[in-house]
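What you see below is based on every heavy atom in this structure, not just the backbone, and it leaves out hydrogens, waters and symmetry mates.
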Amino acid sequence: MLNFFTYTDLSGKRRLRTYMIIAIASFTLLLLLVGGATLWRIWQFSPAEIAETPVFAPLAATTIPETTPTNTPEACPSDPADWALLDLPLSKNYKSLSPICVYIELERTVAWVLAINEGYSRAEATEALGFSSMPMTMQTGELTILTDNKGPVPVKMLISPQVPDLAQWTIDQSGNPATTMAFRGCFRTSTFTGNERQDWGEGYEVICVVSKDTEAAYGLMQLGEHLFTGGDGQVSASRTFLLFGYKEKSWTWLGWREDGGRVSYEEIGLTAELARADREMKSSIFGLPLWDNAWLEESYGMAMKPFPINWQDATDTTTRDAILNEINAFLE
């Protein structure tokens with residue numbers, strides 16, 4: 001059997017036969033090809049290739065370095081200069097925040113966005129969450145941001161109506177809240193050319209990206225005596241990438257990109273199951289809870305508000321137009 005694999009040369013030493021050397025080399029090459037194909041499939045799933053949309057694929061779970069505890073813990077730093085932005089796998093520009101207590105105030109603004117999708121008017125959500133004013137920008141325009149793999153890039157922004165008394169519900173086929181949000185990462189709004197620092201964040205020192213998944217069958221709008229229900233009971237699923245900016249010790253919802261800020265699940269190859277797995281993965285990576293209606297109620301005591309009476313019959317488009325006209329009048 002030994003002679004089948006080796007032979008004895010003229011010096012009396014045992015050496016591998018030529019066909020065994022070829023077999024070993026072929027097996028090694030096969031292992032390299034299999035490993036390379038696996039890595040290619042992981043990178044191929046990354047939505048970073050999709051039209052500069054700030055999204056990245058589910059990542060392998062990684063441990064976020066913890067700050068070293070001291071005998072005299074300091075209050076959570078409010079100055080972004082004291083924060084660490086930690087690298088993430090497969091992302092060039094998006095980072096995690098450290099210490100983790102920095103997320104607390106961001107979560108309160110995220111809760112406001114969830115609340116206005118669960119029947120709370122802008123004014124009610126503002127009061128319930130202890131804000132002195134709506135934690136959202138009041139004007140549209142252009143904002144310079146980083147995408148997951150490019151930047152700085154100037155983009156046009158869209159925002160939600162700021163009408164204080166406007167109430168909206170986004171619900172699924174069973175009448176449950178249909179909005180869930182997940183953290184995606186942050187970036188500083190400055191770059192260095194040599195020793196010169198260039199600030200381009202419109203005063204926001206750090207901007208974070210949060211995905212908002214909506215799997216809705218119905219959408220309700222109520223303003224004053226007007227009520228309109230849209231949707232035919234079929235689920236329409238989309239992902240919107242919201243931007244939140246930090247300035248003057250508070251987080252503000254800046255809206256979303258006009259181009260590529262909102263995409264259907266189909267456009268980025270998602271299903272409801274994949275979207276759910278992606279959100280859970282992100283929560284695990286950043287050590288954050290899943291931001292949904294259960295979290296909103298548990299953390300802030302804000303359950304979805306009851307639907308208006310006869311909401312299913314409120315399908316008159318003239319009422320919808322009346323609401324839109326009032327919104328436009330408010331903005332003028």
Side-chain angles (χ1 to χ4, degrees), residues 41-62 88-91 93-94 96 103 106-107 109-118 147-149 158 160 168-186 208-219 230-244 253 255-299 304:
R41 286 179 62 83
I42 294 172
W43 280 88
Q44 185 189 42
F45 185 73
S46 173
E49 298 296 326
I50 300 172
E52 299 184 14
T53 299
V55 60
F56 42 89
L59 309 174
T62 186
L88 295 169
L90 304 185
S91 178
N93 293 321
Y94 292 169
S96 65
Y103 291 112
L106 172 61
E107 287 187 320
T109 304
V110 167
W112 190 88
V113 177
L114 281 174
I116 66 170
N117 284 273
E118 295 189 20
T147 64
D148 186 38
N149 59 351
L158 297 176
S160 180
Q168 294 174 274
W169 289 258
T170 306
I171 57 175
D172 62 18
Q173 292 171 317
S174 301
N176 298 314
T179 302
T180 308
M181 299 170 67
F183 185 73
R184 301 278 149 180
C186 302
C208 295
V209 181
V210 174
S211 64
K212 173 172 164 282
D213 287 353
T214 305
E215 299 171 8
Y218 300 100
D232 57 3
Q234 300 300 310
V235 174
S236 176
S238 65
R239 173 167 286 183
T240 308
F241 299 98
L242 308 183
L243 299 173
F244 293 80
W253 178 27
W256 61 94
R257 293 177 57 176
E258 179 178 344
D259 178 17
R262 173 174 290 168
V263 290
S264 68
Y265 278 10
E266 184 178 3
E267 288 180 77
I268 52 177
L270 282 181
T271 62
E273 291 74 19
L274 284 174
R276 185 181 306 109
D278 175 54
R279 295 190 300 264
E280 291 174 354
M281 177 68 74
K282 292 299 183 293
S283 298
S284 174
I285 287 173
F286 295 109
L288 296 172
L290 195 62
W291 294 332
D292 58 9
N293 63 298
W295 170 81
L296 181 65
E297 183 172 3
E298 180 180 351
S299 300
M304 184 173 68

Could you please spell out the steps behind the side-chain contact (heavy atoms from CB on, under 4.5 Å) verdict for Val210 and Trp291? CA-CA 10 Å; Val210 174; Trp291 294 332; 4.0 Å; yes
Side chain to side chain contact (heavy atoms under 4.5 Å, CB included) against Glu297, all qualifying residues, sequence neighbours excluded: Ala303
In the structure I gave you, are the side-chain heavy atoms of Thr147 and Arg257 within less than 4.5 Å of one another anywhere? yes
Closest heavy-atom pair, Met304 versus Gly175, reported as atoms and distance to 0.1 Å, is CE-O, 3.3 Å
Smallest separation among heavy atoms of Ser160 and Ile116, with atom names: OG-CD1, 4.5 Å
Measuring from atom SG of Cys208 to atom CG of Leu106, what distance do you get when rounded to the nearest 0.5 angstrom? 5.5 Å
Beyond-backbone contact of Glu107 with Pro289, side-chain heavy atoms, under 4.5 angstrom: yes
Quick one, Asp292 and Pro177 - any side-chain contact, counting heavy atoms below 4.5 Å? no
Side-chain donor or acceptor of Glu258 paired with backbone N/O of Leu158 under 3.5 Å: no
How long is the gap from CG on Asp278 to CD1 on Ile268, to the nearest 0.5 Å? 8.0 Å
Test of understanding: with side chain to side chain contact (heavy atoms under 4.5 Å, CB included), list the residues that count as partners of Glu280, not counting sequence neighbours. Arg276
Could you tell me which non-hydrogen atom of Phe244 sits nearest to which non-hydrogen atom of Met181, and how far apart they are? CZ-CE, 4.2 Å
So, using side-chain hydrogen bond (donor to acceptor under 3.5 Å, both in side chains) as the criterion, who are the partners of Trp295 when residues are at least two apart? Ser299
Residues at least two apart in sequence or cross-chain that pass salt bridge (Lys or Arg N to Asp or Glu O under 4.0 Å) with Glu215, listed by chain then number, are Arg279
Distance from Trp253 atom CH2 to Lys212 atom NZ, nearest 0.5 Å? 6.5 Å
Under 3.5 Å, is there a donor-acceptor pair between the Arg262 and Ser238 side chains? no
Mind checking side-chain hydrogen bond (donor to acceptor under 3.5 Å, both in side chains) for Trp169 and listing every partner two or more places apart, or none if nothing turns up? none
Separation of Glu118 CD from Asn176 CG (nearest 0.5 Å): 10.0 Å
Once side chain to side chain contact (heavy atoms under 4.5 Å, CB included) is applied, do any residues pair with Ala178, and if so which ones, sequence neighbours excluded? Thr170, Asp172, Ala216
Any chance the rings of Phe183 and Tyr103 have centres within less than 6.0 Å? yes
Identify which one of Asp213, Thr214, Asn293 satisfies the side chain to side chain contact (heavy atoms under 4.5 Å, CB included) criterion when paired with Thr179. Thr214
Using the side-chain hydrogen bond (donor to acceptor under 3.5 Å, both in side chains) criterion, which residues pair with Ser236? Sequence neighbours excluded. none
Taking only residues two or more places apart in sequence or in another chain, which ones pass side chain to side chain contact (heavy atoms under 4.5 Å, CB included) with Ser283? Leu290
Rounded to the nearest 0.5 Å, the OH atom of Tyr94 sits from the CG atom of Asn149 at a distance of 8.5 Å
Heavy atoms, side chains only, cut-off 4.5 Å: are Val235 and Gln173 in contact? yes
Of all residues at least two apart in sequence or in a different chain, which pass the side-chain hydrogen bond (donor to acceptor under 3.5 Å, both in side chains) check with Thr180? none
With sequence neighbours excluded, tell me which residues meet ring-ring contact (aromatic ring centres under 6.0 Å, His included) with Tyr265. none
